[in-house]
Amino acid sequence: MGFLFGLLPLFILILLIYYGFSKYKLHFNQEVVIPKKIVALLLLIILGFNLFLFEANPGIGWSLFFTMLFVFFLTMFPQEKRNFFVYLLTSTGIISGIALAGRANDFMVETNLSILFFSIIFLLILYSVEDAAKHIFAFIRGGWALFFGFFRQIGNLFSFAQKNSDKNRLNILRVLKTSAITVLVIVIFVSLLSKADPVFAQIIEDFFGNIEKRFIFSLVLIALATLGCTISINAQKPINTKLSFLNYYDFIIPLSVLTTLLAVFLAIQFTYLFGGQADLSAFDLTFSEYVRKGFIELLIATFFGILISVIILLKQDHLKAKENKILKLVHFVLLLELFLMLVSAFKRDIIYIDSYGLTRIRIIGGMFLVWLAALFVIIIAANFTKKISKQTILISSVSLGFVLFVILNTVNLDQLIVDYNAKHFPEKQDIFYNSLLSADAVKGWEEGIVTSQKIYNQFAEKPTLTEDEKKIFAGALLAVKAITEKRDNLLNHYGTIEEMKDNDYADLPRGFPDKIRYNRKWQALNFGEKHAFEYMKKNSSVFEGTLACLNKNIDLYQIKNSINLNDQTNERLHEYEYPLIQRFYYYKELHSIKRSIFAYFLETYYGDERDGKYYRDFDFDYAEDLKPILDELKTKLSINPTDLNDYQKRDAYYKEFEEHLIKLVRVEKCE
């Protein structure tokens with residue numbers, strides 16, 4: 001009931017939008033057209049969703065579904081509508097779908113899911129709206145009409161059904177008869193086969209155990225697909241390409257102000273960035289900090305500047321000769337400034353890469369910069385010649401974007417980052433950053449473990465650390481914890497039950513939490529992750545032996561020497577920026593480590609489980625290694641189990657336990 005009340009505001013908003021646009025005509029004719037292949041499309045969506053997508057994370061199942069969907073949807077397009085953009089969007093959708101099973105890169109997975117969504121929407125616009133591909137404004141107007149057309153189409157479909165009631169009744173009877181025969185055959189054979197094979201029976205039970213969820217989701221998909229594929233929209237009025245609602249002064253005044261603002265900005269850039277010698281201390285900045293900031297913002301600002309430039313191109317041909325000449329002059333100044341902004345962004349990117357190496361944001365931003373530069377060249381050419389049409393600008397920019405998109409999905413970005421930085425910055429690698437990269441960079445994880453081992457062994461015999469040493473040690477600590485979590489996730493996804501780290505679930509494998517169960521389905525297979533898992537198995541001495549040693553001894557080293565790294569770890573976790581990277585927060589502070597050991601001690605020796613969550617959340621892998629120490633602590637501490645109910649006495653026991661633990665702990669190097 002609460003869920004229904006939560007949807008009430010959304011329902012009211014939809015009604016208001018529908019009412020508003022029913023009163024305000026958008027000058028479109030909208031009708032119902034039933035495609036010949038609509039039944040086949042709906043069957044493909046329902047079967048594909050239930051077989052490949054339902055309760056499975058993105059993987060090979062998603063790839064199969066979206067590949068089939070885009071190929072089939074292309075066959076539904078009439079021959080006269082199969083233009084350049086239809087083929088491009090179909091290709092983009094297929095590549096995005098296939099890439100979901102190819103790369104483990106979390107950023108690329110999210111990007112491809114977004115591209116899949118927009119590819120479907122854009123194809124629907126081209127399919128449903130007449131002349132949507134003729135002009136960019138026609139496409140935008142068509143998208144606007146399609147959005148509100150969804151709401152109107154509900155009523156249109158009911159009206160269509162009433163007008164064709166006799167024909168529909170006959171079709172419904174045929175469908176019901178065929179469905180009844182199909183269901184009867186399935187029920188008989190499912191019953192017989194379930195008794196013949198217990199594994200098959202279990203699969204059928206699991207499938208029909210989710211029948212309500214499957215039915216609801218399938219019904220929603222049927223409704224959306226039916227609404228989207230039965231809309232036919234025709235514009236009653238021709239598209240206005242003159243931008244008549246904007247006059248000459250609406251362009252020249254804002255453009256003059258913008259060019260002045262950019263001139264001031266570029267003057268500062270040349271003083272502090274290209275000059276390199278100007279004093280930045282007055283702004284509390286070093287040159288390296290100044291270079292690191294603003295790269296993406298510069299690209300975004302340039303992108304919007306180029307959009308403004310495109311709009312100016314659309315307007316220029318519809319102005320008086322004198323106005324056109326003045327606007328062209330100011331437009332040229334804007335283009336020159338935008339070019340210098342691209343140069344500034346490129347300079348920042350090169351300086352940063354030369355100083356610190358590659359990151360995801362530097363690669364993605366660099367590719368975006370290439371796209372902007374190419375678009376910039378096309379617009380300059382269009383500004384001085386009428387041979388380059390607006391359609392040519394659009395096709396060129398989209399085609400180049402498609403090429404860069406293919407490159408992004410083909411190249412292993414994360415491994416490229418690791419390899420480049422290892423070659424050019426062997427002594428300055430950020431092993432924690434590498435540990436945050438996806439399973440595509442599994443070799444970088446291995447290098448991170450080896451480097452963390454060297455750092456730990458370097459400090460293992462030092463009772464105290466300087467502030468700089470703490471920062472280095474904290475980076476190694478966080479890298480070890482992050483890689484451990486990623487390794488365990490891969491073991492839980494692809495390992496056998498015996499290999500799994502979290503193998504204490506009741507009634508395995510049906511007792512798995514949803515997060516693990518959805519990933520262990522064959523539909524969620526990801527070849528990048530699978531490769532990483534196989535690589536870890538081949539190098540188990542590093543990913544099991546060395547990593548286990550580091551996890552244990554880094555913690556024990558902190559306990560033995562009371563090394564508190566809270567400030568250093570918080571700085572790396574919360575103050576550093578990691579654009580396009582999923583952050584890692586699974587880290588227990590020194591106090592929590594000791595509390596976890598104490599909780600394990602109380603539960604193991606006294607049956608007290610009240611603090612068990614401490615060490616269970618901590619993933620206490622090396623608990624068994626501490627048994628000799630804990631056995632000795634049992635003899636040194638006089639704990640009365642009844643006193644554990646008193647929290648003051650419990651804290652007193654903890655303090656005594658902590659003092660003895662520090663004395664008894666032994667730290668060893670990880671060889």
Side-chain angles (χ1 to χ4, degrees), residues 33-54 56-103 105 108-130 132-133 139 142-143 146-147 150 217-218 220-233 394-395 398-410 522-528:
V33 176
I34 306 297
K36 293 181 180 180
K37 297 183 179 180
I38 184 68
V39 175
L41 176 66
L42 295 179
L43 285 174
L44 171 65
I45 291 173
I46 299 309
L47 291 175
F49 168 75
N50 284 280
L51 291 175
F52 301 131
L53 265 66
F54 184 74
N57 288 335
I60 192 169
W62 291 55
S63 296
L64 291 171
F65 172 75
F66 282 109
T67 299
M68 291 188 297
L69 179 64
F70 277 97
V71 170
F72 189 85
F73 195 32
L74 177 63
T75 65
M76 292 181 62
F77 271 82
Q79 193 64 43
E80 64 273 11
K81 284 190 174 183
R82 294 185 193 178
N83 54 41
F84 168 80
F85 295 106
V86 169
Y87 285 112
L88 187 71
L89 286 168
T90 302
S91 302
T92 301
I94 292 172
I95 292 170
S96 295
I98 292 173
L100 291 177
R103 292 288 177 217
N105 187 320
M108 287 309 303
V109 169
E110 293 171 1
T111 300
N112 282 313
L113 287 173
S114 300
I115 289 174
L116 281 170
F117 173 78
F118 284 108
S119 296
I120 292 172
I121 298 299
F122 291 166
L123 279 172
L124 275 176
I125 295 172
L126 294 173
Y127 178 81
S128 302
V129 182
E130 290 296 325
F139 182 83
L146 183 64
F147 175 77
F150 258 78
F217 282 120
S218 298
V220 170
L221 288 175
I222 288 174
L224 291 176
T226 303
L227 289 172
C229 293
T230 58
I231 298 178
S232 178
I233 297 175
L394 180 61
I395 291 175
V398 170
S399 299
L400 179 60
F402 176 76
V403 171
L404 295 177
F405 163 73
V406 173
I407 292 173
L408 275 177
N409 277 294
T410 305
W522 71 266
Q523 295 95 329
L525 170 66
N526 179 281
F527 292 105

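The two residues A56 and Q523 come nearest to each other via the heavy atoms CB-CB, 3.7 Å. When all heavy atoms of F73 and C229 are compared, the pair lying nearest together is CE1-SG, 4.2 Å. Closest approach of L100 and V109 over heavy atoms only: CD2-O, 3.9 Å. When every heavy atom of S96 is checked against every heavy atom of F405, the shortest pair comes out as OG-CZ, 3.0 Å. Shown here for G143 and I125, the closest heavy-atom pair between the two residues is CA-CD1, 3.5 Å.
Rounded to the nearest 0.5 Å, atoms OG (S232) and CD1 (I34) are 11.0 Å apart. In this structure, CG on L74 lies 7.5 Å from CD1 on I94, to the nearest 0.5 angstrom.
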All N/O donor-acceptor pairs, side-chain side in residues 63-72, below 3.5 Å, sequence neighbours left out:
from, atom 1, to, atom 2, distance (Å)
S63, OG, G59, O, 3.3
S63, OG, G97, O, 2.6
S63, OG, I98, O, 3.4
S63, OG, A101, N, 3.4
T67, OG1, S63, O, 2.7

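Counting heavy-atom neighbours within 6.0 Å of F118 CZ, excluding the residue itself, gives a total of 12 or less.
When side chains are defined from C-beta on, F139 counts as touching F122, because their heavy atoms get closer than 4.5 Å.
Between Y127 and F77, the angle of the ring planes goes over 60°, which puts this pair in the perpendicular group of the 30/60° scheme. Between F52 and W522, the ring planes are perpendicular. Angles over 60° get that label, and only those under 30° would be called parallel.
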